[in-house]
Amino acid sequence: MAACASFAKLNSFSSPWISNNSFSSRSGSSSLLATRRVSLPIRATAYSDELVKTAKNIASPGRGILAIDESNATCGKRLASIGLDNTEVNRQAYRQLLLTTPGLGEYISGAILFEETLYQSTTDGKKFVDCLRDENIVPGIKVDKGLVPLPGSNNESWCQGLDGLASRSAEYYKQGARFAKWRTVVSIPCGPSALAVKEAAWGLARYAAISQDNGLVPIVEPEILLDGDHPIERTLEVAEKVWSEVFFYLAQNNVIFEGILLKPSMVTPGAEHKEKASPETIAKHTLTMLRRRVPPAVPGIMFLSGGQSEVEATLNLNAMNQSPNPWHVSFSYARALQNTVLKTWQGRPENVEAAQKSLLVRAKANSLAQLGRYSAEGESEEAKKGMFVKGYTY
Ligand SMILES: O=P(O)(O)OC[C@H]1O[C@](O)(COP(=O)(O)O)[C@@H](O)[C@@H]1O
């Protein structure tokens, strides 16, 4: 009874997306088909208009997302690569370098932060969220609680964090966050099992609905790991399966598609496959998958880099923007925006300016790739170094 009542309530709501959108119900006798018309049960939240606006703003031409939401453990690995200890002071110094880069907002529309960073300030006492707002960059927040083994699966994992998510999200909104990120992973060499795919898709859909109820645009990220020696066709097959389940559950949870962003992996061969694919081949397979699975109502596709080199990730994005797409096709890179920056910085205050310049170089390159106008001419050797680590767990 309660479910029927809430369905009726949903149907009585009128919103710009559903007002002209009705269908004939097939439930009951065929006579009902002709007479009973119901609106599609699309959920609305107090934030519906704001969500759509935020998502559109993040998906604006020539801009993409800077992902600096590494959990403390992952950030520690990044800092260790330049000989720094994983302390709060070092994490703050590194994030300050990134978030105070002058002119960053020309190329970056959103920055995903880890919880610690959302509540931090510069050494001069300016909140990081205010540094972002001054550059017209939308602050975002990683809300998942990481991956743990999935019992009953083929050595696969599932993503935690739904407990208490509504109250955490409301707090993050108060603190200035306007979008969220939840990353779960799917492994091709491990199957993937039907159980792991279903769990990943259901978790993403529950998170997306909860985020929208609390004013945060959810970034939906089922990362298909690069590991494996399979050909690109196998990745395409798995990606289609994963995204079909994700959209099935997003729809079941009445998520507002106009108020989400996706963060997919590009469709590439497994990292250990005998042949590498060209950017054109990767673009062709990735766009094929997206056209088959992603409704045009979704405003933005913000790719992850997944261990590709900085140049590779930019070239692949550029190839995808050689012809018009139904969505804004852009980036939400962590490693592919930060590798050169970290190497340039080395933890030394005297290198901060040079490191910020190298961040602007990468951000601009990806901005051009979003517009389909990037050329790799003159790129540094460091930016061409791949960052894939076999069997890497975050
Ligand atoms: O599990 P963690 O520590 O959050 O790290 C996962 C990382 O993966 C991402 O989702 C994508 O990063 P890459 O672009 O480096 O693949 C980042 O936003 C995030 O920092």
Side-chain angles (χ1 to χ4, degrees), residues 63-114 116-118 120-137 139-140 142 304-305 307-314 317 331-369 374 376-387 389:
R63 300 206 300 163
I65 295 175
L66 170 65
I68 55 162
D69 60 314
E70 296 85 0
S71 53
N72 286 350
T74 307
C75 191
K77 287 174 189 165
R78 306 282 182 265
L79 294 174
S81 74
I82 54 165
L84 291 188
D85 289 338
N86 189 12
T87 60
E88 185 175 347
V89 170
N90 286 340
R91 292 192 297 271
Q92 190 276 350
Y94 180 50
R95 265 77 186 246
Q96 175 164 332
L97 177 167
L98 298 166
L99 297 175
T100 59
T101 299
L104 194 61
E106 194 178 339
Y107 314 115
I108 300 295
S109 54
I112 321 174
L113 311 177
F114 188 58
E116 176 181 86
T117 321
L118 182 71
Q120 275 173 338
S121 303
T122 64
T123 35
D124 294 339
K126 185 171 174 180
K127 283 181 174 175
F128 281 149
V129 282
D130 292 334
C131 299
L132 290 171
R133 283 202 197 110
D134 288 353
E135 282 282 343
N136 188 26
I137 299 173
K142 170 190 175 72
L304 61 91
S305 55
Q308 296 177 26
S309 76
E310 288 168 308
V311 169
E312 240 179 314
T314 311
L317 179 63
F331 59 93
S332 173
Y333 297 156
R335 283 165 287 179
L337 278 170
Q338 294 181 50
N339 176 47
T340 317
V341 183
L342 260 176
K343 300 284 157 53
T344 310
W345 178 45
Q346 294 293 328
R348 298 204 183 102
E350 65 271 26
N351 293 343
V352 165
E353 209 180 308
Q356 289 182 328
K357 280 195 181 131
S358 67
L359 175 60
L360 282 181
V361 167
R362 288 270 42 93
K364 184 176 179 186
N366 286 298
S367 162
L368 289 168
Y374 166 75
E377 224 179 277
E379 287 280 20
S380 71
E381 283 314 304
E382 187 57 53
K384 291 180 189 157
K385 284 188 191 152
M387 286 164 277
V389 180

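Since this is a predicted model, take the numbers as computed values, not measurements. Hydrogens, waters and symmetry mates are skipped; everything else that's a heavy atom, side chains included, is used.
Taking 4.5 Å as the limit, every side-chain heavy atom of Thr74 sits out of range of all side-chain heavy atoms of Phe114. Using a 4.5 Å cut-off on side-chain heavy atoms (C-beta onward), Leu79 and Asp85 make no contact. Residues Gln356 and Leu104 are not in side-chain contact: their nearest non-hydrogen atoms beyond the backbone lie 4.5 Å or more apart. With a 4.5 Å cut-off on side-chain heavy atoms, Ile137 and Tyr107 do not count as touching. Side-chain contact between Glu88 and Gln120: present, with at least one pair of heavy atoms (C-beta onward) separated by less than 4.5 Å. Looking only at side-chain heavy atoms (C-beta outward), Trp345 and Gln338 stay at 4.5 Å or farther from each other. At a threshold of 4.5 Å between non-hydrogen side-chain atoms, the residues Arg362 and Thr314 count as touching. Within the 4.5 Å cutoff, side-chain heavy atoms of Asn366 are placed close to those of Leu337.
Going from atom OG1 of Thr122 over to atom CD of Gln92 covers 7.5 Å, rounded to the nearest 0.5 Å. Here the CG atom belonging to Leu99 is positioned 11.5 Å from the OG atom belonging to Ser121, to the nearest 0.5 angstrom. In this structure, Lys357 NZ and Thr101 OG1 are separated by 11.5 Å, a value rounded to the nearest 0.5 Å. Separating the CG atom in Leu66 from the CG atom in Leu113 is a distance of 8.5 Å, to the nearest 0.5 Å. Distance check, rounded to the nearest 0.5 Å: CD1 of Ile108 to CZ of Phe331 gives 4.0 Å. Taken to the nearest 0.5 Å, the CD atom of Glu353 stands 10.5 Å off from the CG atom of Leu97.
Of the possible polar contacts, one joining the Asn86 side chain to the Asn72 backbone as a donor-acceptor pair under 3.5 Å is found. Remark: the backbone N or O of Gly64 is paired with a side-chain donor or acceptor of Ser109 at under 3.5 angstrom. Proximity of a side-chain donor or acceptor of Glu135 to a complementary backbone N or O of Pro102 within less than 3.5 Å is not detected. Side-chain N or O atoms of Arg335 include none that pairs as donor or acceptor with a backbone N or O of Ser305 at under 3.5 Å. A donor-acceptor pair under 3.5 Å is formed between the side chain of Gln96 and the backbone N or O of Thr123.
Taking each heavy atom of Ala336 and Ala313 in turn, the nearest pair found is CB-CB, 3.8 Å. Nearest heavy atom pair, residue Val311 against residue Lys384, reads CG2-CG, 3.9 Å. Annotation for Arg95 and Ile68: closest pair NH2-O, 3.2 Å, computed over non-hydrogen atoms. Minimum heavy-atom separation, Cys75 to Arg91: SG-CG, 3.8 Å. Summarising the geometry of Ser358 relative to Thr344, their closest heavy-atom pair is OG-OG1, 3.8 Å, with the distance given to 0.1 Å.
A donor and an acceptor atom, one from each side chain of Glu70 and Tyr94, are nowhere located under 3.5 Å apart.
Within a 6.0 Å sphere centred on CD of Glu116, heavy atoms belonging to other residues, nucleotides or ligands number more than 12.
Counting only residues at least two apart or on different chains, no ring-ring contact (aromatic ring centres under 6.0 Å, His included) pair has a member in residues 63-85.
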Just list the side-chain donor-acceptor pairs under 3.5 Å for residues 126-134, sequence neighbours left out, or say none.
{"residue": "Lys126", "atom": "NZ", "partner": "Asp134", "partner atom": "OD2", "Å": "2.5"}
{"residue": "Asp130", "atom": "OD1", "partner": "Arg133", "partner atom": "NH1", "Å": "3.1"}

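Screening Glu381, Glu310, Glu382 for a salt bridge (charged side-chain N to carboxylate O under 4.0 Å, His left out) involving Lys343 leaves a single residue, Glu382.
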